[in-house]
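Just so it is clear: chains get the letters A, B, ... in the order the sequence lines come, proteins before strands, and each one is counted from 1.
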There are 2 protein chains.
Amino acid sequence: MINLDYKDKRPIYEQISDKLKELMVIGAFPENTRLPSVRSLAVDLSINPNTIQRAYAELERQGYVYSIKGKGSFVAETEKLRDLKVDEIKERLIEALDNAKKIGMSDEEIMKVVKNRR
Amino acid sequence: MINLDYKDKRPIYEQISDKLKELMVIGAFPENTRLPSVRSLAVDLSINPNTIQRAYAELERQGYVYSIKGKGSFVAETEKLRDLKVDEIKERLIEALDNAKKIGMSDEEIMKVVKNRR
DNA sequence: CCGCTGTATTAAGTATACTAATACAGCAGA
DNA sequence: TCTGCTGTATTAGTATACTTAATACAGCGG
């Protein structure tokens, strides 16, 4: 389900949280589904539980999951999930567009890229 | 000309090379202009010359400047500069667009962001 | 020759990110 | 209540990136 890439410069916890985000947003985990426990996922991936904990803490901080001590970590409401992810993507899109504007790229030049990608 | 932000998480050498890229691309430094010397810029910014050297080496590696031992570092051809920067921006734009597609954002949703930014 | 350029090397210090080990705290079923 | 699972907090070790420093070499030009 989750593939770690140790050659990737991104930290492991981020690879995990990003992958989980994606799975949740596309609906692979319905809302309120319990995620694998910190320790079991650690065993599955052969890494330290703290790294999983960090990934989960990040997901909770950002609002993707909610955690209950003694019970587990659970997927937040589907609608909220998507909104969060959309906001993330919009932000990066806006950054790129602003940079394009800053160096004087024309609307045509920008639109050409956009249209080629849909 | 260059403002360093020590609160920024980006390394200093990157802040410098990025700022110089921008200045060169918008034409603040015409092509073949000599950049400040490694040592003089280091004094201006009150940092170690090695950090400037790293910024310049990065710029040269990426093709934004060319350096001549004993003479200085010089701005590459204007056209080349812009192409390099455009390629960088396009790459980020494409990444963002692909992510948008991955989570199922509609064309309308994407276009709304794009239009609001021009 | 002298004083400026860029460049290379080596070392050290520092900060930060990442991972690990361990202990604590809450929940629920046997 | 005990046991075994959950999440969470604390602390420490490790690795890596970044920056600084000191020094040396090499090329250019007045």
Side-chain angles (χ1 to χ4, degrees), chain A residues 1-21 23-24 29 31-76, chain B residues 1-21 24 29-76:
Chain A
M1 187 159 63
I2 297 180
N3 279 318
L4 298 181
D5 178 6
Y6 289 96
K7 280 165 289 180
D8 196 330
K9 59 278 162 208
R10 294 186 322 159
I12 295 176
Y13 78 88
E14 193 178 312
Q15 291 183 42
I16 294 169
S17 64
D18 277 0
K19 185 62 181 175
L20 288 176
K21 274 186 201 176
L23 289 170
M24 293 186 287
F29 295 149
E31 66 186 37
N32 298 318
T33 302
R34 213 198 79 185
L35 293 178
S37 81
V38 167
R39 289 170 181 81
S40 70
L41 187 52
V43 171
D44 280 2
L45 299 178
S46 305
I47 61 176
N48 192 283
N50 280 341
T51 304
I52 307 293
Q53 166 58 20
R54 172 136 190 207
Y56 280 16
E58 197 61 21
L59 288 174
E60 183 168 30
R61 192 185 64 78
Q62 294 176 21
Y64 286 86
V65 308
Y66 60 95
S67 300
I68 302 175
K69 220 185 264 187
K71 299 192 72 176
S73 297
F74 305 86
V75 178
Chain B
M1 188 157 63
I2 296 180
N3 279 319
L4 298 181
D5 178 6
Y6 289 96
K7 281 164 287 182
D8 196 329
K9 57 280 163 208
R10 295 185 321 160
I12 296 176
Y13 77 88
E14 194 179 310
Q15 291 183 42
I16 294 169
S17 63
D18 278 359
K19 185 62 183 176
L20 288 176
K21 275 186 199 177
M24 290 186 290
F29 295 147
E31 67 185 40
N32 298 318
T33 303
R34 214 199 80 186
L35 293 180
S37 80
V38 167
R39 290 171 179 80
S40 69
L41 187 52
V43 171
D44 281 359
L45 299 180
S46 304
I47 60 177
N48 192 282
N50 282 341
T51 304
I52 306 292
Q53 167 58 20
R54 172 137 187 206
Y56 280 17
E58 197 61 22
L59 288 173
E60 184 168 31
R61 192 186 62 79
Q62 294 175 23
Y64 286 86
V65 309
Y66 60 95
S67 300
I68 303 174
K69 222 184 266 188
K71 299 192 73 178
S73 296
F74 304 87
V75 178

- Nearest-nucleotide 5' precedence on DNA chain D, A:Ser73 against B:Arg10: A:Ser73

- Message: Nearest whole Å is fine: how far is D:dA21 C1' from B:Gln53 CD?
- Response: 15 Å

- Select base, sugar-phosphate, or nothing to describe what A:Glu14 touches, counting heavy atoms under 4.0 Å on all strands. nothing

- Mind calculating the distance between NZ (B:Lys69) and C1' (C:dG6) to the nearest angstrom? 7 Å

- Item | Below 4.0 Å: OP1/OP2 of C:dT19 and any side-chain N or O of A:Tyr13 | no

- Tell me: CG of A:Asn50 to P of C:dC18, nearest whole Å? 14 Å

- Note on the structure: Whole-Å distance, A:Asn48 CG to C:dT19 C1', equals 6 Å

- Item | Spacing of B:Lys71 atom NZ relative to C:dC4 atom P, expressed in whole Å | 18 Å

- Note on the structure: In short, B:Gln15 meets B:Arg10 closest at the heavy-atom pair NE2-O, 3.0 Å

- Query: So, do A:Leu20 and A:Tyr64 sit near enough that their side-chain heavy atoms are less than 4.5 Å apart?
  - Reply: no

- Over how many whole Å does the gap from A:Glu58 atom CD to C:dA17 atom C1' extend? 13 Å

- Item | Distance in Å, B:Asn48 CG paired with B:Arg39 CZ, rounded so as to fall on 0.5 Å steps | 11.0 Å

- Task: Please state how far atom CD1 in B:Ile52 lies from atom C1' in D:dT20, giving the value in whole angstrom units.
- Result: 12 Å

- Return the minimal non-hydrogen interatomic distance between B:Ala55 and B:Ile16, and the atom names on each side. CB-CG2, 3.9 Å

- Query: Could a donor-acceptor pair under 3.5 angstrom be found where the side chain of B:Arg39 meets the base of C:dT7?
  - Reply: yes

- Does a side-chain N or O from B:Ser67 land closer than 4.0 Å to OP1 or OP2 of C:dG6, or not? no

- Whole-Å gap separating C1' (C:dG26) and CZ (A:Phe74): 13 Å

